[in-house]
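So that the names make sense, note that chain A is the first sequence line, chain B the second, and so on, each numbered from 1. Keep in mind the model is a prediction, meaning the values are calculated, not measured.
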There are 2 protein chains.
Amino acid sequence: MAVTIRDVAHASGVHVSTVSRTFSAPHMVNAETRTRVLAVAEKLGYRPNRAARALTTGRTGNLGLIVADLANPFFPPLIKAAQAAARGQDYHLFVADTDENPVEEQDLVQAFSKQVDGIVLCSPRSSNKALEKLAETIPFVLVNRRMRGVPTVVMDVAQGARAAMGHLAGLGHRRVALVAGPAGSWTSGEIRRAVAEVPGLDTLVIGPNAPTEEGGAAVAERVAEAGVTGVLAYNDLVAIGLIEALEERGVSVPGDVSVIGVDDSVTGRLHRPKLTTVAMPAADAGRMAVDLLIKSMSAATVLETHLVVRESTAPPKGIP
Amino acid sequence: MAVTIRDVAHASGVHVSTVSRTFSAPHMVNAETRTRVLAVAEKLGYRPNRAARALTTGRTGNLGLIVADLANPFFPPLIKAAQAAARGQDYHLFVADTDENPVEEQDLVQAFSKQVDGIVLCSPRSSNKALEKLAETIPFVLVNRRMRGVPTVVMDVAQGARAAMGHLAGLGHRRVALVAGPAGSWTSGEIRRAVAEVPGLDTLVIGPNAPTEEGGAAVAERVAEAGVTGVLAYNDLVAIGLIEALEERGVSVPGDVSVIGVDDSVTGRLHRPKLTTVAMPAADAGRMAVDLLIKSMSAATVLETHLVVRESTAPPKGIP
DNA sequence: GTGAAAGCGCTAACAT
DNA sequence: ATGTTAGCGCTTTCAC
């Protein structure tokens with residue numbers, strides 16, 4: 001068994017509460033007692049048990065971040081930024097991956113719920129109903145999913161999608177395809193809705209598809225046979241998978257078919273041909289989500305009051 | 001405040017211990033009491049508090065995994081495999097990123113230590129001495145770092161590095177460079193040692209360097225001026241950064257300089273020219289590390305006994 | 001099969 | 001400034 005607060009108390013001849021205070025409210029304990037306790041603690045290798053502390057204080061000092069797929073290059077920049085924001089406010093950030101599985105997603109929220117103070121849920125795949133239930137359990141912030149009553153950070157992908165389709169139209173394309181993302185994805189829905197509004201384009205929607213290279217490769221056949229000359233893919237991975245599979249079939253990109261991705265990931269930048277893509281402010285989203293989470297967790301927002309001096313007050317009589 | 005075991009006990013007219021048993025030892029409670037308790041718990045939305053449970057049982061059901069940089073494509077496959085292995089044995093896996101910072105690394109181990117049952121520490125950057133101290137706190141398994149007394153999974157990168165240098169020698173290269181990795185990296189040390197043994201090659205060692213594209217790009221000048229015709233880079237990211245920076249300077253790859261990476265990451269496969277690289281069994285490492293960790297945590301390994309029948313036993317007298 | 005009670009490691013009033 | 005006491009939510013003897 002590890003060394004506890006009690007061992008330290010014994011060894012330094014003070015009470016447990018004094019040891020406790022030495023760590024959580026140092027200014028409340030006599031300087032020389034403090035140094036003695038600290039020395040003993042150091043010698044014994046004492047480490048406060050944060051889980052036990054959380055039991056009384058209700059605060060763990062941890063945040064959770066849940067993503068659909070860590071291997072998707074969209075997420076690392078978001079995670080890194082979230083982490084930096086968390087560290088800057090003295091929180092630790094723990095990450096988990098749902099493998100695109102809604103059940104696992106809900107399970108992970110539960111698993112996190114008593115060990116973190118709040119959760120950032122990125123691109124959730126669960127239904128709104130399921131998310132609403134979870135929201136009662138623990139504070140969370142959603143990224144790329146809009147939901148009534150839950151703090152949210154979304155990226156205006158609709159605007160990007162319209163720009164992408166506009167770019168294709170401007171190049172002279174008329175018959176194009178949208179290779180959509182997975183079923184539970186809010187982003188994919190946004191893109192679908194957005195492209196429907198772009199005039200002058202005959203848009204075939206293909207999907208839902210897995211948000212991976214495999215997902216893109218799997219629809220290459222249909223894209224090649226559909227007679228489209230332009231494609232907007234759900235994300236860079238899908239775009240790349242599609243491009244590679246098209247070229248295997250002798251369809252050249254962008255010679256025969258133009259392809260646009262979404263995310264502006266490192267992967268897309270390194271691919272050849274260099275991928276035209278819709279840039280997503282992932283790092284900003286990560287940072288803001290954490291800031292929002294921490295803000296939403298603070299017990300109450302304190303609004304300033306100010307004194308309005310009118311005519312009901314005056315110096316007491318006798319004071320000129 | 002969330003609903004606790006006590007609320008459920010009250011509402012279902014039994015004692016807390018019965019509710020506790022309903023969840024942690026269902027067979028010890030009467031079937032109809034159990035269904036009643038379960039129904040009430042469901043209605044109230046009761047969730048066992050795993051942190052509180054951990055306080056008495058000493059078991060959290062969580063594992064931690066710490067990596068130097070989530071954005072390095074080497075890690076996601078490792079993490080995914082580790083996660084699958086953990087889920088398969090009913091553990092949750094929480095991931096954290098140290099940003100290549102040894103202090104942060106130690107800090108994270110501490111932060112994890114009371115909320116997980118064990119930690120997989122991948123490519124640690126801390127000193128052996130620091131790691132030894134941490135190893136007393138909590139069970140952990142090291143990946144790509146060898147240390148006395150700590151379970152370890154390492155990849156035989158030395159053999160891969162020799163093969164890489166052999167490949168260059170076979171192609172006729174004589175003056176080559178090793179672009180090494182960061183200071184704390186065991187892998188980088190292994191590679192350095194390995195390449196020193198390869199005969200017939202005049203090897204310039206450049207480093208330590210950051211294990212990123214920037215790290216590779218930063219040494220392009222030196223590589224170009226060193227008059228080497230072949231390079232082994234610490235990893236794929238460094239190799240790619242180097243290649244891009246060389247080509248910007250008009251040095252063609254592999255026309256003027258051959259470059260080899262390490263990791264066989266997705267990123268390397270998608271880059272053009274397609275990267276020659278040393279494949280690392282990252283997924284295997286992730287899976288094995290988790291298996292090893294769980295095995296090392298089990299209180300004791302139980303060895304089978306068997307009965308050896310010799311001559312000291314016989315039927316009782318009177319039984320023919 | 002279920003209840004009573006102690007205790008996991010820690011913090012937070014309340015005393016002194 | 002320090003000690004006392006009562007829990008936080010849960011499990012686990014020990015009785016009955």
Check the interface with nucleotides 13-16 of chain C: list each N/O to N/O pair with the protein under 3.5 Å, or write none.
none

Nearest heavy-atom pair of B/F75 and B/D69: which atoms, and what distance?
CD1-O, 3.2 Å
Looking only at the side chain of A/V14 (C-beta and beyond, no hydrogens), which of the listed nucleotides C/dT11, D/dC10, D/dG3 gets closest?
D/dG3
Check: A/V109 and A/I119 side chains under 4.5 Å, non-hydrogen atoms
yes
Students often get this wrong, so: under 4.0 angstrom with heavy atoms, is A/R59 touching a base, only sugar-phosphate, or nothing?
nothing
Counting any heavy atom closer than 4.0 Å, what does A/F23 reach on the DNA or RNA strands: base, sugar-phosphate only, or nothing?
nothing
Calculate the interatomic distance between [X] atom [atom1] and [N] atom [atom2]; express it in whole Å.
X      : N      : atom1 : atom2 : value
B/L55  : D/dG9  : CG    : C1'   : 9 Å
A/H15  : C/dA12 : NE2   : C1'   : 15 Å
A/K114 : D/dG9  : NZ    : P     : 10 Å
B/D7   : D/dC8  : CG    : P     : 11 Å
A/I5   : C/dC10 : CD1   : P     : 5 Å
B/Y46  : D/dC10 : OH    : C1'   : 7 Å
B/R53  : C/dG7  : CZ    : C1'   : 17 Å
B/Q115 : C/dG9  : CD    : P     : 16 Å

Of residues 30-38 of chain A, the positions that come close to DNA chain D - non-hydrogen atoms, cut-off under 4.0 Å
A/N30, A/T33
After noting the C-alpha distance and the side-chain angles of A/R87 and B/D107, does the key distance pass the salt bridge (Lys or Arg N to Asp or Glu O under 4.0 Å) rule?
CA-CA 11 Å; A/R87 292 307 286 135; B/D107 198 33; 2.7 Å; yes
Between A/N49 (side chain) and A/A52 (backbone), is there a donor-acceptor pair under 3.5 Å?
yes
Identify, with sequence neighbours excluded, every residue that meets side-chain hydrogen bond (donor to acceptor under 3.5 Å, both in side chains) alongside A/T212.
A/E214
side-chain hydrogen bond (donor to acceptor under 3.5 Å, both in side chains) involving A/R47 - partner list, sequence neighbours excluded:
none
Indicate yes or no: does B/R148 engage B/E132 in a salt bridge with an N to O separation below 4.0 Å.
no
Verify the contact: side-chain N or O of [X] to OP1 or OP2 of [N], cut-off strictly under 4.0 Å; return yes or no.
X     : N      : answer
B/T18 : C/dG3  : yes
B/S20 : D/dC10 : no
B/R6  : D/dC8  : yes

Does any donor atom in the side chain of A/N62 or B/Q115 lie under 3.5 Å from an acceptor atom in the other side chain?
yes
side-chain contact (heavy atoms from CB on, under 4.5 Å) filter on A/P182, not counting sequence neighbours, yields A/E100, A/R125, A/S185, A/P211, A/Y234
Output all residues satisfying side-chain contact (heavy atoms from CB on, under 4.5 Å) with A/D291, sequence neighbours left out; order by chain, then residue number.
A/A85, A/Q89, A/R287
Nearest-nucleotide check on DNA chain D, A/M28 vs A/V16; residue mapping nearer the 5' end is A/M28
